[in-house]
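So you know, we letter chains A, B, ... as the sequences are listed, proteins then strands, and number each from 1. Remember, it's a predicted structure, so these values are computed and weren't measured experimentally.
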Amino acid sequence: MPGKSAADRILAAIRAVPRGEVAGYGEIARRAGLPGRARMVARLLSENDDHSLPWHRVLRSDGRIAFPPDSPQFAEQVQRLRAEGVVVKDGRVRGQRAAASIDEILWAPPKRRGK
DNA sequence: CGCCTGACCACGT
DNA sequence: CACGTGGCCAGGC
C-alpha cells in the first residue's frame, strides 16, 4: 500500500532493526524507499518522542554516534547499545559497520516468520 | 521566494 | 583513521 507516508516507512525501517544490530541513516532511508534522504531520517528522530522506537540503533555511515561525545544523548545511546551487546568504543561501534548489512537484517530469515 | 541550519554521505588528501 | 570540501534534502523564518 503505497499510501504510506515517507515518515511512516522510515519509522518502520528503524523498527525492523533487530536488537543487537545497528543501521545507518542513509541505509535506513534507502530501505524506506527514500534514497538520499538520510537527513530526513535524522530530523524525524530529532522530533520523535516514541520510546518504543530503537533510535539508539541508528548511527552514521561511519558507524559513529551522531551526537557529540559531550552530549547527554551520546551517553544514553552508548549505554543502550552496550545493554544490547553492541561493542562501542570511543563513540564508534565495533564489530559491524552501520548498515552495511541492513539488507541482511531485513532479508535474513533467522527468525521464523511468514517471510 | 531566498537564505540558513541540521541526530547526513561520499570522496579525496 | 582524521580532516576538509561539495552535494542533497527538508524545515523554519
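The OG atom of A/Ser61 lies 9.5 Å from the CD atom of A/Glu27; values are rounded to the nearest 0.5 Å.
Rounded to whole Å, atom P of C/dG11 lies 16 Å from atom CG of A/Asn48. Residue A/Met40 contributes atom CE, which lies 23 Å from atom P of C/dG7 at whole-angstrom precision. Note: CG (A/Asp62) to P (B/dA7) measures 16 Å, nearest angstrom. Here the P atom of nucleotide C/dA10 and the CG atom of A/Leu34 are 9 Å apart, to the nearest Å. For the pair A/Arg57 CZ and B/dA7 P, the computed distance is 22 Å after rounding to whole Å. Atom CZ in A/Arg37 sits roughly 8 Å away from atom C1' in C/dC8 (whole-Å rounding). Between A/Leu11 atom CG and B/dA7 atom C1' there is a gap of 14 Å when expressed in whole angstrom units. Spacing between atom CZ of A/Arg60 and atom P of B/dA7 amounts to 11 Å, rounded to whole angstrom units.
Where A/Glu47 and A/Arg94 each meet DNA chain C at their nearest nucleotide, the meeting point lying more 5' is that of A/Arg94. Mapping A/Arg39 and A/Arg43 onto DNA chain C via the closest heavy atom, the residue that lands nearer the 5' end is A/Arg39.
Scanning all heavy atoms of the two residues, the minimum distance from A/Ala29 to A/Ala38 falls at CB-N, 4.0 Å. Closest of all the heavy-atom pairs between A/Met40 and A/Ala6 is CE-CB, 3.5 Å.
Counting heavy atoms from C-beta outward, A/Asp50 and A/Leu11 have side chains that stay 4.5 Å or more apart.
Contact check, A/Ser61 against B/dA10: a side-chain N or O comes under 4.0 Å of OP1 or OP2. For C/dA2, one of the phosphate oxygens OP1 or OP2 lies less than 4.0 angstrom from a side-chain nitrogen or oxygen of A/Arg92. Put simply, A/Arg64 has a side-chain N or O that comes within less than 4.0 Å of OP1 or OP2 on C/dA2.
Comparing the P positions of C/dC8 and B/dG12 gives an interatomic distance of 16 Å, to the nearest angstrom.
For A/His56 and A/Glu84, the side-chain atoms include at least one donor-acceptor pair closer than 3.5 Å.
Comparing atom distances between the A/Tyr25 side chain and each of B/dA7, C/dA10, C/dA2 picks out B/dA7 as nearest.
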